Q: 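Okay, here's the structure, questions in a sec.
Every value quoted in this text rests on a predicted model; they were computed, and no experiment measured them.
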Amino acid sequence: MDVFTPLFNAFDLPFMARALLVLVVLSLVAGLVGVLVNLRGLEFISDGLTHAVFPGVTIGFVWGGRDGLFVGAMVAALIAAVVLTVIVKRAVTSDAAIAIVFTAMFSVGIIVVSRETNYVGQLDALLFGRLLTVSEAEVNQTVIVCLAALIIVGFTLKEQVFRAFDLEGSRAAGYRPLVLDILLNVAIALVVVAASSAVGNLLVLAVLIVPGAVARLVTDRLWLLFPVAAGFAILAAWLGLALGYEASVNRGVDLPSGATVVLVLVAGYVLVLVARLGIDRINVPRRTAGAVVR
């Protein structure tokens with residue numbers, strides 16, 4: 001029983017409880033949005049959005065400290081979502097165009113934050129987050145932003161799934177793919193905003209993408225993908241926070257909480273992938289043998 005005690009006792013501390021709450025809320029929404037990202041193959045777009053939001057994060061942070069971070073990130077997120085959607089639709093080589101845009105935007109963010117006196121410390125906080133120092137106000141902001149993303153995706157979920165599997169069919173049914181793309185990209189950008197102060201700009205991609213990828217390995221039932229992705233993200237958040245706390249406090253090994261959560265996410269994906277490959281390898285001879293018998 002002592003082995004499992006740190007997995008629960010750590011969250012008796014208020015700052016650990018706040019960190020877990022932020023990640024649970026984030027996991028619920030990222031699980032839902034992340035499945036759509038995976039179904040649509042929008043991982044590169046998501047990467048572009050995280051980089052494009054970065055200037056807004058830095059400007060807001062420099063202008064108003066951590067209180068201004070959400071405002072700057074929100075403005076940048078909405079602009080970036082619309083601009084990147086139009087670029088993908090209009091550019092002949094959309095991947096190159098996206099790469100140029102997010103590289104330029106990320107560079108602007110670096111230049112802005114470099115004007116601060118504690119350049120290295122501020123940059124580290126913006127890129128990797130300060131998960132264990134999340135305030136109650138930031139928890140409330142995260143919940144509000146995640147709720148907005150959830151509402152956007154929830155009201156258009158059927159149409160988004162239809163769009164993911166049959167573009168021409170959705171267009172023929174009267175849906176507007178461009179509008180759906182903008183709404184999904186706005187939801188992705190909002191998840192990036194919600195995660196920026198907690199896990200940081202660079203690590204948000206793992207929270208957004210890995211759970212959806214795990215769900216695709218676990219099940220091929222469409223509507224089961226969403227709870228599996230969210231459940232996996234929540235489990236990884238809980239384990240990552242608990243392991244980081246145990247290592248840092250009781251083992252003398254300094255493990256950043258955000259990075260530890262991401263490593264648990266990736267480790268979980270690797271385990272599920274190995275299990276999936278093993279199951280498929282066992283099932284192939286059985287299907288072949290069944291075909292021969294028939």
Q: Considering residues at least two apart in sequence or located in another chain, which fulfil the salt bridge (charged side-chain N to carboxylate O under 4.0 Å, His left out) criterion with Glu136?
A: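 For Glu136, no residue satisfies salt bridge (charged side-chain N to carboxylate O under 4.0 Å, His left out) once neighbours in sequence are set aside.
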
Q: Between OG of Ser27 and CG of Leu235, what distance do you get to the nearest 0.5 Å?
A: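 One finds 10.0 Å between OG of Ser27 and CG of Leu235.
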
Q: Just to verify, what does Arg176 make a salt bridge (charged side-chain N to carboxylate O under 4.0 Å, His left out) with, not counting sequence neighbours?
A: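 In terms of salt bridge (charged side-chain N to carboxylate O under 4.0 Å, His left out), with neighbours along the sequence ignored, Arg176 is linked to no residue.
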
Q: Mind checking what makes side-chain contact (heavy atoms from CB on, under 4.5 Å) contact with Val218, not counting sequence neighbours?
A: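 Residues passing side-chain contact (heavy atoms from CB on, under 4.5 Å) with Val218: Val214, Val228, Val272.
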
Q: Linking I/L/V/M/F/W/Y whenever any side-chain heavy atoms sit under 4.5 Å apart, do Ile234 and Val153 land together?
A: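 Yes, same cluster.
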
Q: Please evaluate residues Trp238 and Val264 with respect to the criterion side chain to side chain contact (heavy atoms under 4.5 Å, CB included), reporting the C-alpha separation (whole Å), side-chain torsions for both, the decisive distance (0.1 Å), and the verdict.
A: CA-CA 10 Å; Trp238 170 55; Val264 172; over 6 Å; no

Q: May I have the step-by-step check of side chain to side chain contact (heavy atoms under 4.5 Å, CB included) for Leu225 and Asp220, ending in yes or no?
A: CA-CA 7 Å; Leu225 291 171; Asp220 56 2; over 6 Å; no

Q: Below 4.5 Å, heavy atoms only, C-beta onward: do Gln160 and Leu39 meet side chain to side chain?
A: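 No, side chains not in contact.
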
Q: Please answer: with hydrophobic residues joined when any side-chain heavy atoms are less than 4.5 Å apart, are Ile144 and Val25 in the same cluster?
A: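 Looking at the clustering, Val25 is in a separate group from Ile144.
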
Q: Is there a continuous path of hydrophobic side-chain contacts, each under 4.5 Å between heavy atoms, that joins Val186 to Tyr175?
A: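 No, no single cluster joins them.
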
Q: Hey, could you give me the CD1/CG distance between Ile279 and Leu217, rounded to the nearest 0.5 Å?
A: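 Answer for the CD1-CG pair, Ile279 versus Leu217, is 10.0 Å.
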
Q: With a 3.5 Å distance limit and no angle check, can you tell me whether Arg18 reaches the backbone of Val134 through a side-chain donor-acceptor pair?
A: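 Answer holds: yes.
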
Q: Identify the heavy atoms of Phe11 and Met16 that sit nearest to each other, and give their distance.
A: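 Heavy atoms only, the tightest pair is CD2-O, 3.7 Å.
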
Q: So, taking the atom named CZ in Arg163 and the one named CG in Leu183, what distance separates them when rounded to the nearest 0.5 Å?
A: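 The CG atom of Leu183 is 12.0 Å from CZ of Arg163, to the nearest 0.5 Å.
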
Q: Mind checking the CG-CG spacing from Leu13 to Leu20? Nearest 0.5 Å is all I need.
A: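 Answer rounded to 0.5 Å: 12.0 Å.
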
Q: Within a 6.0 Å radius of atom CZ on Phe155, are there more than 12 heavy atoms belonging to other residues, nucleotides or ligands?
A: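 No, CZ of Phe155 has 12 or fewer neighbouring heavy atoms, counting only those of other groups under 6.0 Å.
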
Q: Side chain to side chain contact (heavy atoms under 4.5 Å, CB included), that's the test. Do Val29 and Leu190 meet it? Break it down for me.
A: CA-CA 10 Å; Val29 183; Leu190 289 176; over 6 Å; no

Q: Would you check if the side chain of Thr156 reaches a backbone N or O of Ile152 as a donor-acceptor pair within less than 3.5 Å?
A: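 Yes; at least one donor-acceptor contact below 3.5 Å.
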
Q: Give me the atom names and distance for the closest heavy-atom approach of Pro211 to Leu265.
A: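 In this case the closest contact between Pro211 and Leu265 is CG-CD2, 4.2 Å.
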
Q: Can you tell me how far CG of Leu150 sits from CG of Leu32, rounded to the nearest 0.5 angstrom?
A: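 Spacing of CG (Leu32) from CG (Leu150) equals 6.0 Å.
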
Q: Yes or no on side chain to side chain contact (heavy atoms under 4.5 Å, CB included) for Val261 and Leu23, after CA distance, side-chain angles and deciding distance?
A: CA-CA 9 Å; Val261 171; Leu23 288 182; 3.9 Å; yes

Q: For Arg171, is there an ion pair with Asp166 - N to carboxylate O distance below 4.0 angstrom?
A: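 Salt bridge between Asp166 and Arg171, a charged N being under 4.0 Å from a carboxylate O: no.
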
Q: Look up atom CZ in Phe15 and atom OG in Ser257, then write down how far apart they are to the nearest 0.5 Å.
A: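 Those atoms lie 8.0 Å apart.
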
